[in-house]
Protein chains: 2
Amino acid sequence: MAAQQTNDGDPGTGSSAERLWSTSVGNDLAFLLARANALSLARMHTVLAPFGLRTRSYSVLSIAASDARPSQRELSDFLRLDPSQIVSLIDQLEGAGLVRREPDPRDRRANVVVATDAGRALVEEARRTVIDSDRAWFAVLSEDEREQLFSALHRLATGAAAQFADA
Amino acid sequence: MAAQQTNDGDPGTGSSAERLWSTSVGNDLAFLLARANALSLARMHTVLAPFGLRTRSYSVLSIAASDARPSQRELSDFLRLDPSQIVSLIDQLEGAGLVRREPDPRDRRANVVVATDAGRALVEEARRTVIDSDRAWFAVLSEDEREQLFSALHRLATGAAAQFADA
DNA sequence: TATTGTTATACTCTATAACTATA
DNA sequence: TATAGTTATAGAGTATAACAATA
C-alpha cells in the first residue's frame, strides 16, 4: 500500500494529508465520487488482471455473453464509449477468441457481438470473483445503504442529470 | 462530441441500448459508480473549461487557495496522484501565475504550494459556477439522499474499503 | 442524406523507474 | 537509509475528424 505515512517528529500537524479533508474540495460530492471511483477501478483492475481483462473489456464481454446480442453501436451508447473505442475493444477480444462479430441479418451495416464458448466460460469465472470483491468492498455499507446508493447512482447515471454532461 | 443522442428520461420508447440495462453489468454498483463519475467529470470539464482549468488543476488550485498550505507530497497523498503528476500540475499552474512554490522552512526538501492573488480570484469565481452546476446536477436527489450519498461515498473513499484497491 | 463500422491522430491520464538533494 | 521533489517513458483512456458501405 502507498502508506499514508504519518509525519512523525513533526509536532502540531497531525497525519499529514488528513487535514486537507476540511478544504472545500474535500466536501464536494463530485470529488468524492471521483475518488471512490478511482479506488473501485483500481480494485477491479487488480481483480480482473488474472483473467487478462480490464474493466472495459469485462463489461463488453459480459454483455456479449448475455442474450442481448448487442450491436457495436448499442455497446457504444450504453457504455458511453466512442464507436472507435468499441472497434478497438472488440478487435482485442476477437483476437483472443473470446467474442466474434456476426452480421446482423436485418442491417448489413451492423455487427452483432456475441461471446464464444471460451468467452462465456472466462467471463463467468471472472464474474464470480468480481461479485466476491464487490461484496467485500461495499461491506462498509449496510444492505439498506447499498440499495440507496444504487438508486442514487442509477438516477445520476441515467436520469435528467445526464444531459448536463453533454451541454 | 460523438452525436450523443439525448435519450433524456423517456423510458417508454425502448431506445436501442435501453435493454442492455437488464444485463449483469447494468446492475453492478461499480459500473454505476464509473458511469455516474464519467458523466460528472464531463460536466466538470465543461464547467471549468472557460477558466482554463480541468478537474485536477481545479482541485489543486482550490486547496492551494485555502489556508492549508499543503506540500506537494500532501497533495499527492490526498488526491491519490503520483508525485510526478503533482509536479506537472504545479508547473502548469505556476506557469499561468496561479500558484507559487514556497520553500518549507522546516524541511528544505519540501515545497509549500500557495495560490497567488490571481489564483485565488480565479478559483473563487470558478467555485461559484461549480457549486451552481453541482446543485443542478444533483437535483435528481433529495436533500436527505444527497447527505446519504455523501456519507456512503466518504466511507468508500476513505474507509477500510480503500485498502482493497491497493491489494 | 443519415447511420454503422472503421482508420487515423492527438491529447490526457495512469503507472513505473530512476535520479538529486535533503533528512 | 528514507523521503520530497523531479525527470523520463510507456501504456491506457478520451475526444475528433474523415471515410466506405449501407440504409
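Order of the sequence lines sets the chain letters (A, B, ...), proteins ahead of strands, with each chain counted from 1. Keep in mind that what you see is a predicted model, and the values were worked out from it rather than measured.
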>> Is there a salt bridge (charged side-chain N to carboxylate O under 4.0 Å, His left out) between A:Arg43 and A:Asp134? Walk through the geometry before answering.
In response: CA-CA 9 Å; A:Arg43 166 189 66 99; A:Asp134 276 6; 2.8 Å; yes

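- Because its NZ or CZ atom is both nearer than 6.0 Å to the ring centre of B:Phe78 and within 45° of the ring axis, A:Arg35 counts as a cation-pi partner of that residue.
- Note: CG (B:Asn37) to P (D:dG13) measures 14 Å, nearest angstrom.
- Atom CZ of A:Arg43 and atom P of C:dT14 are 17 Å apart (whole Å).
- Residue A:Gln72 places at least one side-chain N or O closer than 4.0 Å to OP1 or OP2 of C:dT6.
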> What does nucleotides 17-23 of chain C look like as a protein-contact string, B for base, S for sugar-phosphate only, - for none, at under 4.0 angstrom between heavy atoms?
Replying inline: -----BS

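- A:Asp104 places its CG atom 15 Å from the C1' atom of D:dA21, with the value rounded to the nearest Å.
- Between A:Glu145 and A:Ser142 the shortest heavy-atom distance is OE1-N, 2.8 Å.
- In plain terms, the two heavy atoms of B:Glu74 and A:Ala17 that are nearest each other are O-CB, 3.8 Å.
- B:Asp91 has its CG atom 9 Å from the C1' atom of D:dT6, to the nearest Å.
- Residue-level contact check: A:Ser71 touches the backbone only, with heavy atoms under 4.0 Å from sugar-phosphate atoms and none from bases.
- Distance CG (B:Leu79) to P (C:dC13): 13 Å, rounded to an integer number of Å.
- Distance, A:Leu41 CG to C:dT14 P: 9 Å, rounded to whole Å.
- Side-chain atoms of A:Arg19 come within 3.5 Å of backbone N or O of B:Ala68 as a donor-acceptor pair.
- A heavy-atom distance below 4.5 Å is found between the side chains of A:Asn27 and B:Phe150.
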